[in-house]
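Note sheet for the following structure.
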Amino acid sequence: MTVRFREAVRDTGLGPRTEVAPLAAYMAAEQDLGRIGPEVDPEASARLLIAGCFHRAYLEMFVGADAGPTLEASAREIVRELRLDPVPA
């Protein structure tokens, strides 16, 4: 089953890259505009942001939405810990 799934993902061009690449490109564009600091790695940050979202979805699905911080608090924590707060103008 896993082998067939992997083949299907490969054959259709889907998978983690299709999620990470657009977000990383967006973050790089924001970085070029000076809205994200130069020390941020857009690719790594995109992967970590997506991982945080998956973790939140996992918690909600298996233990309920009220098992952890609110959705807004979770988003703020992820952004803060990735040091993605807006760059002062």
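Here, residue 1 is the first one in the sequence, and each next residue gets the next number.
Minimum interatomic distance between Gln31 and Val40 (heavy atoms only, all atoms of both residues): NE2-O, 2.7 Å. Taking all atoms of both residues into account, the shortest heavy-atom contact from Ser45 to Met27 is CB-CE, 3.4 Å. Scanning all heavy atoms of the two residues, the minimum distance from Pro42 to Ala24 falls at CB-O, 3.5 Å.
Applying the salt bridge (charged side-chain N to carboxylate O under 4.0 Å, His left out) test to every pair with at least one member in residues 63-75, sequence neighbours left out, gives these pairs: Glu72-Arg76.
In this structure, OG1 on Thr2 lies 11.0 Å from CD on Glu7, to the nearest 0.5 angstrom.
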For ring-ring contact (aromatic ring centres under 6.0 Å, His included), just list the numbers for Tyr58 and Phe54, CA-CA rounded to whole Å, side-chain angles, deciding distance to a tenth of an Å, and then say yes or no. CA-CA 6 Å; Tyr58 174 86; Phe54 272 102; over 10 Å; no
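Residues Leu71 and Val79 fall into different hydrophobic clusters, defined by Ile, Leu, Val, Met, Phe, Trp and Tyr side chains chained together at heavy-atom separations under 4.5 Å. Put simply, Leu23 and Leu82 are part of the same group of oily side chains (I, L, V, M, F, W, Y) that touch within less than 4.5 Å, one to the next. Both Ile36 and Ile50 are part of a single hydrophobic cluster, where members link through side-chain heavy atoms under 4.5 Å apart.
Within the 3.5 Å criterion, the main-chain N or O of Pro69 finds a donor-acceptor partner in the side chain of Arg56.
With sequence neighbours left out, Glu30 forms a side chain to side chain donor-acceptor pair (under 3.5 Å) with Arg35.
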